[in-house]
Amino acid sequence: MSLFDAKLTERRRWMQVGEAYEITKKPRALDISSLEAVPFVPMAAIPQGGRYSPDFTMKATAQIRSGTYFERGDILVAKITPSFENGKQALATEVPTPFGFATTEVIPLRPRHKGHDRRLLFFYLLHPDIRHYVAERMEGSTGRQRVPPEVLLDLPFPEFALEEQRAISDTLEVIQDFIALEAEAAEVTTSLKRATMQQLFTSGLNNEAQKETEIGPMPENWEAQSIAALTNVVYRYPSYYKIDYVDSGVPEVRGELLRETGEIESDLSQFRFIDSETASRFPKVRLETGDIVMSVRGTMGKIGIARDIHVGAVITANLIRLAPKRQRVLPEFFKSVLISERFNRALKMASPQTTIKTITAPVLKSLRLPTPATLEEQREIVAIFDAIDRKIDLHRKKCAVLDDLFKVLLHKLMTGEISVSGLDLPPLPSAIADTTTGIDTTNE
């Protein structure tokens, strides 16, 4: 049920955001010329998904030609598409001065009077129904649409007493802090994997003696082997092939379905399909389990490994198929080398400096990779990476579960379907009662 279809409890009513909040305006008498610098918040520095504080730089006042004036404690809401839809907003509690300037593409909001916890509106604006409602009322040309300020001020907003506002905000803040902890843990573990890859690809499993090669240092008993020696390389099918797409069970793998984590999307319902008879005409571009797919035009270097391919999948333009020679290299090890920073640098250096980046099959085949002498050593290295990947995946899954919990609680708390008193959330290891470094988010 939509948020706006919910019936509030008897003691509560729908009000409008504009009854409690207003858009912050720069005071006419304000003169910043005497100040050396003030905080400036660009769009890229505004977080999304529930983190409070934006990043900022101290900008010389003489350099501020334009910008949106805001005051410490204001809610900064991105108004341009797709930043608004992506949940880019901030609670500017940690700026070092009483005011600052931000990109002109934000709307700053502050309470009109006492009795409001700003965090409640901050979380409310993250509700999916709110995002959808506001996005439908954007104005402007396609791709440059913006949220009119009056749309935010006219938003229906449930009325709560100040103590209820605080209790709800504290509860939602706990979940957001748990999400932040899991996200940070995932980032730390990802950094650990990068460092581990660097260590293993240069020193091996046992911190072995190194040798210098044309692709950098590697263990003495490893070899720098070309991609052509390790795989069968098949470029995309010729453009003159005509393929009719039907719902049949043979997926076509598209570049945008390659995940950043290096896995091809496994939900075959999201693929386009071709019939089996047509697919049989293109045996060289049909994937088998363990094959590697790489994007080689535009956004280059996205890597995927084909898993659980039972009927075969056909690669399309902008992709290349790398079929590992199993007697020389394990598919999982090969993929790990391809996603390493070392290979990424080599790929960029080998790519022509053109507007649309493209790497040809001959150039790709010639690139050399550090390769252990035995499959057993490759297998041990893969096991290490798998263990780290499982840890990363665990933290990301926890983030996803907590995010779902946040959305459910946000909806039910705002409508009064449940009350904070009926919840039993564990506290964080450190106190979270004041996550705003001493800045009061309420007007009493």
Side-chain angles (χ1 to χ4, degrees), residues 44-56 86-94 119 122-123 126-128 169-203 205 258-267 301-305 307 332-333 335-344 380-410 413 423-437 441:
I46 296 177
Q48 65 185 51
R51 287 196 300 116
Y52 285 153
S53 301
D55 293 329
F56 62 87
N86 292 338
K88 285 183 77 70
Q89 62 183 46
L91 190 58
T93 56
E94 296 184 8
R119 296 175 300 165
F122 177 88
F123 290 133
L126 293 174
H127 194 294
S169 298
D170 287 345
T171 299
L172 296 173
E173 194 173 80
V174 168
I175 300 173
Q176 284 295 331
D177 284 344
F178 273 118
I179 292 174
L181 285 176
E182 292 298 336
E184 182 180 0
E187 290 179 5
V188 169
T189 312
T190 300
S191 296
L192 170 64
K193 181 178 179 180
R194 285 195 294 265
T196 303
M197 293 174 77
Q198 174 68 17
Q199 174 67 20
L200 290 175
F201 292 156
T202 56
S203 301
L205 287 168
L258 297 183
R259 295 178 178 173
E260 291 182 2
T261 56
E263 298 296 331
I264 290 179
E265 177 60 60
S266 59
D267 182 1
K302 276 195 170 185
I303 308 295
I305 183 169
R307 299 189 188 280
E332 294 78 7
F333 178 83
K335 186 204 76 171
S336 296
V337 180
L338 292 181
I339 65 175
S340 68
E341 292 182 6
R342 175 185 291 194
F343 178 75
N344 191 258
E380 291 184 46
I381 292 174
V382 167
I384 294 172
F385 293 152
D386 282 348
I388 300 176
D389 283 339
R390 286 194 297 272
K391 184 69 172 175
I392 296 172
D393 190 51
L394 176 62
H395 289 304
R396 288 175 175 167
K397 286 180 177 177
K398 286 183 177 180
C399 276
V401 170
L402 287 166
D403 186 60
D404 288 341
L405 174 62
F406 173 82
K407 291 175 182 176
V408 170
L409 281 182
L410 175 63
L413 289 170
L423 300 175
D424 184 22
L425 293 176
L428 285 173
S430 58
I432 63 164
D434 184 13
T435 58
T436 57
T437 62
T441 58

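Please read these numbers as outputs of a predicted model, since none were measured by experiment.
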Taking only residues two or more places apart in sequence or in another chain, which ones pass side chain to side chain contact (heavy atoms under 4.5 Å, CB included) with [X]?
X	answer
I384	T196, L200, L205, I388
D393	K397
E187	none

Exercise. What pairs with D386 under salt bridge (charged side-chain N to carboxylate O under 4.0 Å, His left out), at least two apart in sequence or on another chain?
Worked result: none
Exercise. With E341, which residues qualify under salt bridge (charged side-chain N to carboxylate O under 4.0 Å, His left out), at least two apart?
Worked result: R194
Exercise. Are side-chain N/O atoms of Y52 and Q176 paired as donor and acceptor at under 3.5 Å?
Worked result: no
By side chain to side chain donor-acceptor pair (under 3.5 Å), which residues pair with [X], not counting sequence neighbours?
X	result
S203	Q210
Q89	R131
D55	none
E182	H395

Problem set entry | Residue from V337, I381, L192, I339 passing side chain to side chain contact (heavy atoms under 4.5 Å, CB included) with M197 | I339
Problem set entry | For F406, ring-ring contact (aromatic ring centres under 6.0 Å, His included) partners two or more places apart | F123
